[in-house]
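Let me begin by presenting the structure, written as structure tokens, before commenting on it.
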Amino acid sequence: MKTRKQKEQEFWNSFAKKYDSFINERAFKTYKILYALLLSDTKNTKHLLELATGTGIHAFDLSKHIHQITATDISSEMIKIAKKKNKQNNFSNVNFQIEDSCNLSFANNSFDTILASNVLHLLYKPEWTLQEIKRVLTVNGKVILPTYCHGQNLVTHIISRIMGISGFKARSRWSLKSFIRFLSLNGFEVIKTEKIKDIIPMVYVVAKIKTI
């Protein structure tokens, strides 16, 4: 039987060559709004960790104003494409590497900002990823978690299930409220939310580690 990691790697490896065209065709307007929010909320970042970078879309966009970016993905094929793009454009402050977000290789308190964009709802164990984020985030750091809310209402549930038939399956169908509750249960305090309209709405969340 395949492990969680193997299943995630196989799906995203198979999707890698279609990733950029998919985002351009399906999410261009949403990502334009998202970029403006990310630009604002990463202004003073020294070392950004991006989880599920895909082919590096956010990493390249943000590289102009962040000192150092470590961009990671579980898919070797995604990282291969990202590295090829990086070689062509020579972004010296962006480093791409293969990482499992549920079991990161980094030391504790390594990053002042962590970005995990549109991935938590697709993971088998999103709570494991949140625990790893808590471990590698600095004490006063922040995490940015844009996430599609597949469970926002009946319509989004139906659309989500149709998407699942084609292979693009949401494993957590949160609403905005249930997603924030999920973060709270896993030790995070939400400090900012924005809702971005789409066929399936995206909630843009900035959070920090809860203090006792």
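Just so we're clear, the structure is a prediction, and the values are computed from it rather than from any experiment. Count residues from 1 along the sequence.
Side-chain contact, Gln88 with Asn86: no donor N or O sits under 3.5 Å from an acceptor N or O. Under 3.5 Å, the side chains of Ser75 and Asn13 contain a donor-acceptor pair of N or O atoms. The closest side-chain donor-acceptor pair between Thr30 and Lys197, if any, does not fall under 3.5 angstrom.
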Stepwise, does the side chain to side chain contact (heavy atoms under 4.5 Å, CB included) test hold for Asn109 with Val136? CA-CA 4 Å; Asn109 311 119; Val136 301; over 6 Å; no

Cys149 vs Thr156, test: side chain to side chain contact (heavy atoms under 4.5 Å, CB included). Steps then yes/no. CA-CA 8 Å; Cys149 292; Thr156 60; over 6 Å; no

With side chain to side chain contact (heavy atoms under 4.5 Å, CB included) as the test, would you mind laying out the steps for Asn95 and Gln68 before giving the verdict? CA-CA 8 Å; Asn95 176 53; Gln68 183 66 39; 4.2 Å; yes

Side chain to side chain contact (heavy atoms under 4.5 Å, CB included) for Ile74 and Ser101? Distances and angles first, verdict last. CA-CA 7 Å; Ile74 199 168; Ser101 67; over 6 Å; no

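In terms of the side-chain hydrogen bond (donor to acceptor under 3.5 Å, both in side chains) criterion, Ser172 has no residue partners (sequence neighbours excluded). For Tyr204, there are no ring-ring contact (aromatic ring centres under 6.0 Å, His included) partners at least two apart in sequence or on another chain. Residues satisfying the ring-ring contact (aromatic ring centres under 6.0 Å, His included) criterion with Phe60, sequence neighbours excluded, are Phe91, Phe96. Residues satisfying the side-chain contact (heavy atoms from CB on, under 4.5 Å) criterion with Ile180, sequence neighbours excluded, are Leu176, Val190, Thr193. Scanning for side-chain hydrogen bond (donor to acceptor under 3.5 Å, both in side chains) contacts around Ser76 gives an empty result, with sequence neighbours left out. Here Phe111 pairs with His47, Phe106 under the ring-ring contact (aromatic ring centres under 6.0 Å, His included) rule; sequence neighbours left out. Judged as a side-chain contact (heavy atoms from CB on, under 4.5 Å), and not counting sequence neighbours, Asn24 has no contacts.
Within a 6.0 Å radius of CD1 in Ile159, other residues, nucleotides and ligands contribute more than 12 heavy atoms. Summarising the local packing, NZ of Lys195 is surrounded by 12 or fewer heavy atoms from other residues, nucleotides or ligands at distances under 6.0 Å. Dense packing is recorded around NZ of Lys210, with more than 12 heavy atoms of other residues, nucleotides or ligands lying under 6.0 Å away. The 12-atom threshold is exceeded at CG of Asn108, counting heavy atoms of other residues, nucleotides or ligands nearer than 6.0 Å.
Nearest heavy atoms, Gly151 versus Ser175: O-CB, 3.6 Å. For the residue pair Leu122 and Ala170, the shortest heavy atom distance occurs at CD2-CA, 4.1 Å.
Here Lys134 contributes atom NZ and Leu130 contributes atom CG; the two are 8.5 Å apart, rounded to the nearest 0.5 Å. The line from CD1 of Ile209 to CG of Asn140 is 9.0 Å long, rounded to the nearest 0.5 Å. One distance of note links CD1 of Ile144 with CD1 of Ile133; it measures 11.0 Å at 0.5 Å rounding. With values rounded to the nearest 0.5 angstrom, Asn103 atom CG is found 13.0 Å from Gln131 atom CD. From Ser14, atom OG reaches atom CH2 of Trp12 across 9.0 Å, with rounding to the nearest 0.5 Å. The NZ atom of Lys17 lies 12.5 Å from the CE atom of Met78; values are rounded to the nearest 0.5 Å.
Hydrophobic clustering (ILVMFWY, side-chain heavy atoms < 4.5 Å, transitive): Ile114 and Val203 are in one cluster. Under the 4.5 Å side-chain heavy-atom criterion for grouping Ile, Leu, Val, Met, Phe, Trp and Tyr, Leu37 is not connected to Leu183 through any hydrophobic cluster. No continuous path of hydrophobic side-chain contacts links Tyr19 to Val119 [ILVMFWY only; heavy atoms under 4.5 Å]. Placement of Val155 and Ile200 within a single hydrophobic cluster is found when ILVMFWY residues are connected by side-chain heavy-atom separations under 4.5 Å, directly or transitively. In terms of hydrophobic clustering, with Ile, Leu, Val, Met, Phe, Trp and Tyr side chains grouped at heavy-atom distances under 4.5 Å, Val206 and Leu145 are assigned to different clusters.
Relative ring orientation between Phe11 and Phe15 is described as parallel, the plane-to-plane angle staying below 30° on a 0-90° scale split at 30° and 60°.
The salt bridge (Lys or Arg N to Asp or Glu O under 4.0 Å) analysis of residues 157-174, with sequence neighbours excluded, yields no pairs. Residue pairs meeting the salt bridge (Lys or Arg N to Asp or Glu O under 4.0 Å) criterion with at least one partner in residues 175-193, sequence neighbours excluded, are Asp41-Lys192. The ring pair (Phe, Tyr, Trp, His ring centres under 6.0 Å) pairs that include a residue from residues 115-148 are His121-His150, where partners are two or more places apart or lie in different chains. Sequence neighbours left out, the pairs with a member in residues 95-104 that pass salt bridge (Lys or Arg N to Asp or Glu O under 4.0 Å) are Arg4-Asp100. Under the salt bridge (Lys or Arg N to Asp or Glu O under 4.0 Å) criterion, the residue pairs touching residues 78-97 are Asp20-Lys85, Glu77-Lys80, with sequence neighbours excluded.
Look at Glu132 and Arg135 and you find a salt bridge, because one of the NZ, NE, NH1 or NH2 atoms lies within 4.0 Å of a carboxylate O, short of that distance.
Between Leu49 and Thr72 the shortest side-chain heavy-atom distance falls below 4.5 Å. The side-chain heavy atoms of Leu48 and Leu62, taken from C-beta on, include a pair separated by under 4.5 Å. Considering only heavy atoms from C-beta on, Leu120 comes within 4.5 Å of Leu123 through its side chain. Looking at heavy atoms from C-beta onward, Ser105 lies in side-chain contact with Gln97 at the 4.5 angstrom threshold. Counting heavy atoms from C-beta on, the side chains of Asn44 and Thr113 never come closer than 4.5 Å. Residues Val94 and Thr70 have side chains not in contact (no heavy-atom distance under 4.5 Å, counting atoms from C-beta outward). Proximity of Thr129 to Leu51: side-chain heavy atoms (C-beta onward) are separated by under 4.5 Å at one or more points. Counting heavy atoms from C-beta outward, Val205 and Pro146 have side chains that stay 4.5 Å or more apart.
Considering Asn118, Asp61, Ile196 in turn, Asn118 is the only one that fulfils the side-chain contact (heavy atoms from CB on, under 4.5 Å) rule with Tyr31.
Distance alone, capped at 3.5 Å, places no donor-acceptor pair between the Glu8 side chain and the Lys5 backbone. A distance-only check finds a donor-acceptor pair linking the side chain of Ser21 to the backbone of Lys18 [under 3.5 Å]. For Ser178 (side chain) and Trp174 (main-chain N/O), no donor-acceptor pair under 3.5 Å exists by modelled atom type. Remark: side-chain polar atoms of Asp73 are not paired, donor with acceptor, to backbone N or O of Thr55 under 3.5 angstrom. With hydrogens and angles ignored, the 3.5 Å screen pairs a side-chain donor or acceptor of Asp112 with a backbone N or O of Lys46.
Aromatic pair His58/Tyr35: centroids not less than 6.0 angstrom apart.
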